[in-house]
Structures are given as C-alpha cells and as structure tokens.
There are 2 protein chains.
Amino acid sequence: MSVTIRDVARASGVHISTVSRTFSAPHLVNPNTRSRVLACAEELGYRPNRAARALITGRTYNIGLIVADIANPFFPPLIKAAESQARKHDHHIFVADTNEDPALEEEVVRALAKQVDGVLICSPRMNNALIEQLSREVPLVVVNRQITGIPAVVMDVAQGARLAIEHLTACGHRTIALLSGPRGSWTSREIRRSATATARAGHAELTVIGPNPPTEVGGLTVAEDVLRAGATAVLAYNDLMAIGLIEGLFSAGARVPEDVSVIGIDDIMLSRLTRPKLTTVATPTAAAGRAAVDMLLAHGDDRRSTAHLHLQTELVIRDSTGSGPGPHSPADPGDVNVPGGVAS
Amino acid sequence: MSVTIRDVARASGVHISTVSRTFSAPHLVNPNTRSRVLACAEELGYRPNRAARALITGRTYNIGLIVADIANPFFPPLIKAAESQARKHDHHIFVADTNEDPALEEEVVRALAKQVDGVLICSPRMNNALIEQLSREVPLVVVNRQITGIPAVVMDVAQGARLAIEHLTACGHRTIALLSGPRGSWTSREIRRSATATARAGHAELTVIGPNPPTEVGGLTVAEDVLRAGATAVLAYNDLMAIGLIEGLFSAGARVPEDVSVIGIDDIMLSRLTRPKLTTVATPTAAAGRAAVDMLLAHGDDRRSTAHLHLQTELVIRDSTGSGPGPHSPADPGDVNVPGGVAS
DNA sequence: ACAATTAATGCAAGCGGTTGCACGGGTGTC
DNA sequence: GACACCCGTGCAACCGCTTGCATTAATTGT
C-alpha cells in the first residue's frame with residue numbers, strides 16, 4: 001500500500017530507528033547515513049504518518065476550529081487566518097460547524113479531542129461550566145468569550161458598542177433600539193451591557209429587541225418591532241442583521257438613514273457594498289484567528305497559560321447613520337475611521 | 001492522561017479485546033458483558049482514539065477539503081454543506097486554503113493524504129497530469145473540473161454562460177466583454193468556450209479580458225479596459241468580480257445597467273444585496289459540496305468509481321442588465337428565475 | 001450420553017512510528 | 001597501554017487499538 005519507514009530502512013540498509021531519527025532527531029545520526037536515508041526516502045516517496053507518530057508522541061499537529069456558522073460572513077476571514085497561521089506552524093486544521101447549537105459544540109469538541117493538539121471555539125454558545133469542563137479534557141482557546149482560567153481572544157465589542165451609541169446620541173438620537181444576538185452569546189451580553197450604560201449616560205432610551213438569530217433574516221423580521229418601538233436609531237448585533245433590518249425597514253416604508261439610522265458590528269465585506277453603505281463597528285477578525293492559533297500553540301509550552309488577549313475595535317462611519325429627529329446638525333462624514341482604545 | 005481501552009477493560013474485568021469488540025463488533029460480545037462494558041466506558045468517559053484505530057483499519061473517518069480561498073464568498077456555502085454532510089456520515093473535515101496557488105494544492109494533498117480517507121479538491125488550479133498522479137496516492141474527488149478517470153462534481157457553467165450571453169444578445173448587446181478568471185481554472189475555460197460560441201451564434205463580438213484574480217479587486221481594476229473595448233455588456237467569471245467591476249465602472253462615470261450591463265456567475269449572498277442587484281448565473285454550491293462528499297465516501301465501495309456529476313445552473317435576472325444601445329425593446333423583469341437544462 | 005457445533009472470550013501479533021538503553025569502536029588523557 | 005568517554009547505530013518495548021486464531025463453556029443432534 002503506502003511506503004513506510006520500514007521500506008526506507010530496507011532500501012538504505014539501516015535499522016528503522018535510524019530512519020526515524022533521520023526525520024525526528026537529525027542531529028543524532030551521522031551526516032553520511034542521513035543523506036543516504038533521505039535520498040532513499042525521496043526516491044520512494046516516503047512521507048511520515050503523522051497519526052502513527054502522534055500515537056506515541058502525543059502531538060498530532062492538528063487543530064480543531066469550531067464555529068457557529070461557516071456561511072456567516074463573519075467567520076470565513078477568521079477561518080482563513082487561522083488556517084494560514086496554523087499551517088505556518090505545520091499544523092492542519094479541522095473545521096466544524098455547529099449551526100448555533102450548544103449541544104453540538106460539546107459533541108464536536110469531544111469527538112475531535114483525541115486527534116488534535118487543541119481546539120479553538122469561536123463565539124461559543126455553551127455555558128461557562130461546560131467550557132471549563134471541556135478544557136480539562138483538551139487544550140482550549142476561546143474566541144469572543146471571557147472565562148477566568150481559560151485562555152481567550154476577545155474583540156472589545158463593549159468599547160465598540162460604546163462608540164456606536166455615542167455616535168448615535170451625538171447625532172441627536174434619543175430613542176434607540178438594540179437588536180440582540182443569539183441566546184448564549186457572550187458578545188451579545190457585552191454589547192447589551194455597554195450599550196445600556198452608554199445610552200443612560202447619554203440620556204437616551206434603549207429598547208432591547210431579541211434574542212434573534214444572527215442572520216439577515218433575523219434583522220429582516222424585526223423591522224416592524226423597531227418601528228413600533230419608535231426608535232430613530234438601531235444598533236444591531238452584527239452587520240448581517242443590520243443589513244436585513246435595512247431591507248425590512250425599506251419594505252415597511254422607512255428610509256435609512258433619513259428616518260432611521262442603523263449601525264452594525266463586524267465590518268464584513270458586504271457592508272462596504274450594500275446601499276446605503278453600512279456604518280459599523282469593525283472587529284479585527286483575521287487578527288483574532290491568528291492570535292488564537294498562536295495562543296493555542298503556545299499553550300503547550302507555558303502550561304496553564306491563562307492569558308486573555310483583547311483586540312480593539314473601531315467605529316467606521318459610512319452612510320447608514322445620520323442626524324436624529326428635531327433641530328440637530330447633520331453629521332455626514334464620508335468614510336472615516338474613528339480608532340478606538342485598547343483594553344488590557 | 002486519557003482513558004484508554006485498557007482502563008475500561010480493567011474496570012469491567014474483561015480483556016481489552018472484548019472492550020474493543022464492544023465498540024467495533026457488538027454482535028460478537030455477550031449482551032450482559034456488553035452492557036457492563038458500556039457502563040464502565042460511560043462512567044470513565046472513554047472515547048475511542050480514532051487515529052489509533054485508523055492505524056490498523058486504514059479508515060480515518062476524516063476528509064480533506066481544499067479550496068482556493070476560504071474568504072471568497074463562493075466557498076463558504078460549499079464548505080458548510082460538505083462539513084454537514086461529512087458529519088452526517090460521522091466524518092470530520094480538514095479545511096485547507098491554497099491562496100490560488102497550484103503548488104500549495106499539491107503540497108497540501110500530500111500532507112493530508114495519510115490522515116484522511118479522501119480529499120475533495122474544489123476548483124483546482126493544478127494541471128490534469130498532477131491531479132491524476134495524486135489520485136493514485138489518495139482517493140480524490142474534484143469539484144469544477146473534468147478529467148477522465150477522476151470522479152468529479154461539476155457545475156454546468158457552460159450552459160450558464162450560454163444563457164447569460166443569450167440574455168445579453170436578446171437585450172440588443174452586440175459588443176460584449178468577458179472577464180476571465182484565474183489561470184488554471186477549468187471553469188474559466190468552460191465559460192470562455194461556451195460564451196465565445198454563443199456570441200458568435202448571436203452575431204455579437206466577444207472581447208476576452210484576463211486572466212484576472214477572481215476577486216472584487218480583479219473586477220475593479222479592469223473597468224477601464226472594459227470601457228476602452230467599447231463593450232456595452234459584460235459577463236464576469238464570478239459575482240465578486242462583477243461587483244468590483246460595477247464599482248469601477250461607477251467610478252469611471254459609467255452607469256449600470258443604463259450604460260453597461262453586467263452579469264456575474266455564482267449567485268453569492270452578496271449579489272442580492274448590492275445595488276443594483278446583480279443579474280447572475282446561480283450555481284448550486286451547497287448541493288455540490290454534499291454531492292462531492294457522498295461521492296468520496298461511496299468511492300470506497302465501488303472501487304474506481306469514475307462518475308461525473310453535472311449540476312444544472314440557472315440564470316437569475318435582476319437589475320444589473322438592461323437593453324443595449326440602439327432602438328431595442330427594454331427587458332426589465334423583476335427577479336425571475338430562468339431554469340437551465342441538465343447535462344448527463 | 002457423547003461428539004459436533006456454536007458462542008463468548010482471551011491471547012498475541014501488528015499497524016507505523018518513537019525512544020531509552022545497550023553495544024561496539026574510535027579518541028583523548030595520563 | 002589502560003581507562004574513560006562519546007558517537008552512531010541496533011534492539012525492543014510501547015503508543016491505543018483491531019483481529020485471526022486458540023481456548024473454553026454451553027448448546028444441539030441423534
């Protein structure tokens with residue numbers, strides 16, 4: 001079938017252990033022998049079987065990456081960055097899609113546990129206790145969730161939500177709706193917490209609508225709720241919902257930004273291309289993917305690493321937000337980035 | 001470290017082979033013993049190590065999925081469908097991104113070969129000879145490429161391109177540009193072949209511009225070439241390029257569809273949401289992902305399966321196409337699907 | 001009642017590697 | 001010239017699991 005270490009040993013007239021060392025501990029083998037072995041290996045097309053190696057070394061050179069929905073435009077840049085970074089370190093990457101189902105998350109982590117060096121869970125929907133439990137079974141890094149004791153990469157959406165609400169109140173909006181995300185989303189809770197506090201500080205009223213599925217449809221279907229609440233501005237859990245909402249508002253006869261201002265979160269590719277172009281809070285998705293992989297791979301060295309990496313977000317003002325009702329000056333910049341701050 | 005078959009054996013007072021059979025050949029073990037073993041396994045949290053099993057059975061229950069660019073919106077629905085279908089058959093899926101680099105495709109296939117039951121290569125950029133070579137080293141299914149002897153799932157873009165060009169000529173366009181895709185793309189060649197033939201039959205002139213990177217930027221940068229060629233209509237290799245092109249045309253002062261009609265291919269989510277909504281050839285991406293996985297898993301049974309599955313495409317007329325120059329009747333349907341035919 | 005099946009389990013080899021240990025021979029030291 | 005030492009290699013056990021074969025006990029046929 002496939003060419004093994006034994007075939008190479010036979011061809012080059014040495015013991016299999018020497019062949020093994022040629023690949024995994026070259027400094028232990030005589031240079032002449034080594035080159036002979038390498039030549040034979042090359043000629044036979046030998047490739048070490050990583051699974052077999054893993055059996056004894058415990059290192060698989062694989063990583064698991066779990067996301068809620070591959071088709072959600074938020075994830076592909078993260079997956080791409082993670083994959084690229086992983087392969088830079090000679091690792092392969094399993095991708096699993098849980099369809100926003102917490103039970104599936106658990107199942108997949110367990111199923112993958114034995115054949116990976118660690119698992120990245122992006123935007124987990126499980127509860128903290130379960131995540132802690134799982135992290136005892138396999139090295140875990142979590143993206144967009146903070147749990148003490150679990151290494152994590154989080155986007156600072158609280159700060160992003162603050163910038164968003166401040167932008168809206170500065171534009172004169174006093175009745176703001178918040179479209180929350182899926183149940184179990186830490187990000188959604190953070191946004192809500194921060195948005196609520198910021199709105200109160202800005203003397204604006206904040207109506208929370210949700211939870212909602214984090215999709216275009218999720219935004220589309222609540223358009224009427226938004227209008228009924230009398231909101232003149234909306235912050236959506238993500239861009240996809242914001243875009244769906246804009247469609248829904250349009251169908252209901254409301255114009256964006258003239259009648260209602262809308263802000264999304266994520267800054268997915270789509271947001272630059274829809275009309276009106278979406279004002280949004282940009283999250284550093286690719287950077288998060290890279291950082292999470294690095295953190296996972298470092299995990300092995302400094303055991304029990306428990307670092308939390310916070311990535312800053314920034315408000316990108318485009319065309320879906322405008323001045324609120326009453327005698328206020330219109331805010332109408334082109335496509336300006338307002339950089340946000342950093343948390344520890 | 002981790003609980004193994006031995007731990008379960010000790011706990012339930014049987015030999016490890018009995019534990020093994022409890023999981024992989026339940027009918028060979030006494031029902032009483034079996035339930036006792038299962039109880040112990042459950043209690044200890046035993047999970048079989050698939051890599052170890054694969055070492056001896058040769059079946060890994062893993063699949064490799066190789067795409068040119070995860071962040072290209074064409075791929076995520078395919079990946080999602082493939083992953084879902086794979087897990088339905090209890091398989092996990094490695095995802096690799098080759099950045100449109102043929103050399104990387106080869107490297108990744110080889111690297112993955114030992115730890116998967118087969119590899120799915122989507123829209124490969126390698127040459128046929130190399131693919132044939134690789135298919136001798138690991139079961140392969142190819143998406144969007146036809147090679148005799150290699151099982152494949154292809155979208156019938158030739159037929160889609162024909163419908164697209166016919167739509168344009170019917171609208172009165174006589175000078176049409178074709179934005180071709182990346183070098184090495186079978187799909188691009190198919191489109192070109194079919195578009196050329198259809199244009200000739202429709203007494204229209206077809207100018208081929210490219211090859212181009214299959215991205216928004218790829219379309220954006222050739223807007224001037226399109227105008228210089230005097231084209232009043234354009235068929236782009238994919239929606240992303242079409243959308244970029246529309247942006248480019250807009251910057252150059254040309255309006256879509258009034259001055260130039262644009263058709264894309266793929267019908268990615270974006271295309272419904274940009275303004276103008278994009279007329280495009282819809283490809284059944286998710287179906288292709290599912291079918292490819294099924295084909296790969298069936299591959300094992302009827303050895304040397306060499307089936308080619310053709311999936312039909314259809315023209316979706318939206319707002320980016322309109323009547324050409326001169327005294328022609330305007331074609332202006334809303335959002336109509338014109339179903340295409342099927343190939344074998 | 002006894003040979004012949006059959007069912008359930010144990011034994012041990014082996015999948016493709018890695019790795020601690022032992023061994024042989026060449027150097028350096030005094 | 002005897003001793004210690006190091007370098008390069010072979011030996012064999014083992015990682016977690018499967019599986020052909022042997023073994024034993026229970027069942028069946030006549």
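The sequence lines fix the lettering, A, B, ..., with proteins before strands; numbering per chain opens at 1.
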| request: Please work out if A:Val14 contacts a base, only the sugar-phosphate, or nothing of the nucleic acid, heavy-atom cut-off 4.0 Å. | output: sugar-phosphate
| said: How about CD on A:Gln133, more than 12 heavy atoms from neighbouring residues, nucleotides or ligands closer than 6.0 Å, or not? | reply: yes
| note | note: B:His15, atom NE2; D:dA22, atom C1'; distance rounded to Å ~ 13 Å
| said: So B:Arg145 and B:Asn128, do their side chains get closer than 4.5 Å, heavy atoms only? | reply: yes
| note | One would report the end-axis bend of the helix from C:dA1-D:dT30 to C:dC30-D:dG1, five pairs per end and rounded to 10 degrees, as 40°
| Distance-only, no hydrogens or angles: does the A:Asp117 side chain make a donor-acceptor pair with backbone N or O of A:Tyr61 under 3.5 Å? | yes
| query | Whole Å only: how far is the CD1 atom of A:Ile16 from the P atom of D:dC11? | reply | 10 Å
| said: Pair A:Arg110, A:Glu137 - check salt bridge (Lys or Arg N to Asp or Glu O under 4.0 Å), show working. | reply: CA-CA 8 Å; A:Arg110 290 238 163 82; A:Glu137 304 176 21; 2.8 Å; yes
| task | Kindly indicate whether the side chain of A:Ile5, heavy atoms from C-beta on, has any atom under 4.5 Å from the side chain of A:Pro48. | result | no
| Are B:Arg47 and A:Glu107 close enough, and set up right, to give a salt bridge (Lys or Arg N to Asp or Glu O under 4.0 Å), and what steps lead you there? | CA-CA 11 Å; B:Arg47 297 225 135 198; A:Glu107 176 52 31; 3.6 Å; yes
| field | Separation of C:dG17 P from A:Arg10 CZ (nearest whole Å) | value | 13 Å
| Salt bridge present between B:Glu100 and B:Arg125 (N-O < 4.0 angstrom) | yes
| Is the distance from OP1 or OP2 of D:dC17 to the nearest side-chain N or O of B:Thr57 less than 4.0 Å? | no
| note | Picking from C:dG10, C:dT18, D:dT18, the nucleotide nearest the side-chain atoms of A:Ser20 would be C:dT18
| Do B:Val14 and B:Val19 come close enough that some side-chain heavy atom pair is under 4.5 Å? | yes
| Quick one: A:Phe23 CZ to C:dG16 P, roughly how many Å, whole number? | 15 Å
| task | Determine, for A:Asp294 against A:Lys88, whether the closest basic-nitrogen to carboxylate-oxygen distance falls under 4.0 angstrom. | result | no
| query | B:Ser17 near the nucleic acid: base, sugar-phosphate alone, or nothing, with a heavy-atom cut-off under 4.0 Å? | reply | base
| task | Mind listing the residues from residues 28-36 of chain A sitting with a heavy atom below 4.0 Å of DNA chain D? Number order is fine. | result | A:Leu28, A:Val29, A:Asn30, A:Thr33
| said: Expressed as a whole number of angstroms, how long is the span from B:Arg59:CZ to D:dC17:P? | reply: 18 Å
| query | According to the interplanar angle, ranging from 0 to 90°, do the rings of A:Phe23 and A:Tyr46 count as parallel (below 30°), tilted (30 to 60°) or perpendicular (above 60°)? | reply | tilted
| remark: Winner on side-chain proximity to A:Arg21, out of C:dG10, C:dG20, C:dT18, is C:dG20
Name the pairs: protein N/O against N/O of nucleotides 14-16 of chain D, kept only if under 3.5 Å.
from: D:dG16; atom 1: N7; to: B:Arg6; atom 2: NH2; distance (Å): 3.4
from: D:dG16; atom 1: N2; to: B:Ala52; atom 2: O; distance (Å): 3.3

| request: For B:Asn99 and A:Lys80, test the side chains for any donor-to-acceptor distance below 3.5 angstrom and give the result as yes or no. | output: yes
